[in-house]
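Since the structure comes first, as structure tokens, the remarks are kept for the end.
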Amino acid sequence: WLHTERLLFCLYYVVPRPDVRHGRKHIAFPAEICYTDMVTEPAHHFDGVNSHNTNVQRRENHPMLELQNICYRVSTPEGEQDILKNVSITIPDHKLVVFTGPNGGGKTTLAKVIMGLVQPTSGRVLYNGEDVTDLSITERAKRGISYGFQQPPRFKGITVHDLLLLAAGEDKLSKDKCCAYLTKVGLCANDYLDREVDVSLSGGEVKRIEIATILARRGQLMIFDEPEAGIDLWSFARLTETFEQIHREGAATMVIISHQERIIKLADEIVVIAGGQIAHRGTTEEIFPLILADTLGSCPVLERKEGAQ
């Protein structure tokens, strides 16, 4: 079940319709076989962002995302441990918000709560005014939430073209369109379209392919967990340009977990998460100097360099 649910989620779930013929695509996992629907007839109802938006009227009176008093507690051999502690945050439409902070602070867990990968112990997740706290990953994906894993899964038997096709929700995807999506993450369509998303690809390649599928899906809310991880400098530069373009065009709301200065400086708002709580929150001008001070303060080597300048 977990592999099936994660697969549907990673492909952002193309919704079957009675007027659309679907074929079956075999996907092999280490211990089981899963399938996913492949669209083989025109999917005229898939219209980018609005194809899965059932909350258009609500959006006029509600922000894109509201997290209300989110708590997440786990049991450990040492006892109960609070991973998230009463986190509340509102993210308006078309903003680029960066979650940053020390490792183990709760950033990824909070992002997974938004996507439904983690069920909070208490609190509510509101998306376009709708309480989605108890909705599945698939239901959230159908409403327009996309998520890029820190370590993306691989799918033996599915090609890069298949993934882009499913994500875009179209019966056909021209090579030019595929090339446009892949170019934005620093990949050449000629080299990758017919390759399977399996162990033959490096971690950085799989990461970029996953980001390309998120772009193809054109969701309302895009969540990226450390998109810079495993990506070379040239591809990273192209990726940041893509984030800038999406933000400039107001095409989506983005939540990016990152430690990279170049991404942090793109943000409308920076949220520093540490110890399961929001430690700081504000504009880049307000928060970035605090981040630098915290970083320098914890590293004697950097302190000496700073003092020598």
Quiz item: Is a side-chain N or O of Lys107 found less than 3.5 angstrom from the main chain of Gly101, in a donor-acceptor match?
Solution: yes
Quiz item: Would you say the side-chain atoms of Ser146 pair up with the backbone N or O of Gly219, donor to acceptor, closer than 3.5 Å?
Solution: no
Exercise. Answer yes or no: is there a side-chain heavy-atom contact under 4.5 Å between Glu228 and Leu239?
Key: no
Quiz item: Does Val206 offer a backbone N or O that forms a donor-acceptor pair with the side chain of Arg154 under 3.5 Å?
Solution: no
Exercise. Examine the side chains of Glu80 and Ser75 and answer whether a donor and an acceptor come within less than 3.5 Å of each other.
Key: yes
Exercise. Ignoring hydrogens and angles, tell me if any N or O in the side chain of Arg140 forms a donor-acceptor pair with the backbone of Thr133 under 3.5 Å.
Key: yes
Practice problem: Using atom types as modelled and distance alone, determine if a side-chain donor or acceptor of Arg238 lies under 3.5 Å from a backbone N or O of Thr183. | Solution: yes
Quiz item: For residues Asp176 and Ser174, is any side-chain donor paired with an opposing acceptor at under 3.5 Å?
Solution: no
Quiz item: For Trp234, does its backbone N or O pair with a side-chain atom of Asp232 as donor and acceptor, under 3.5 Å?
Solution: yes
Self-check item: Main-chain N/O of Phe149 paired to Lys207 side chain as donor or acceptor, under 3.5 Å
Solution: yes
Exercise. Look only at the side chain of Thr90 and the backbone of Glu66, and say whether a donor-acceptor pair between them is shorter than 3.5 Å.
Key: no
Quiz item: Tell me, do Ile270 and His280 make a side-chain contact under 4.5 Å, heavy atoms counted?
Solution: no
Exercise. Determine whether the side chains of His94 and Asp268 contain a donor N or O and an acceptor N or O closer than 3.5 Å.
Key: no
Quiz prompt | Qualifying residue for side chain to side chain contact (heavy atoms under 4.5 Å, CB included) with Thr100, from Val271, Ile287, Ile264 | solution = Ile264
Self-check item: Main-chain N/O of Ile257 paired to Glu226 side chain as donor or acceptor, under 3.5 Å
Solution: no
Exercise. Answer yes if the side chains of Arg262 and Thr240 hold a donor-acceptor pair under 3.5 Å, and no otherwise.
Key: yes
Self-check item: Salt bridge Arg208-Glu205, side-chain N to carboxylate O under 4.0 Å
Solution: no
Practice problem: Return yes if a side-chain donor-acceptor contact under 3.5 Å exists between Ser88 and Asn69, otherwise no. | Solution: yes
Self-check item: Test side-chain hydrogen bond (donor to acceptor under 3.5 Å, both in side chains) applied to Asp225 and Lys112, Gln150, Gln151, the passing residue
Solution: Gln150
Self-check item: Single-linkage hydrophobic cluster, 4.5 Å side-chain cutoff, Leu201 and Ile214 together
Solution: yes
Self-check item: Other residues, nucleotides, ligands: >12 heavy atoms within 6.0 Å of Asp194 CG
Solution: no
Practice problem: Please name the pair of heavy atoms, one in Ile263 and one in Val98, separated by the smallest distance, quoted to 0.1 Å. | Solution: O-CG2, 3.8 Å
Quiz item: Are the side chain of Arg281 and the backbone N or O of Glu269 linked by a donor-acceptor pair below 3.5 Å?
Solution: no
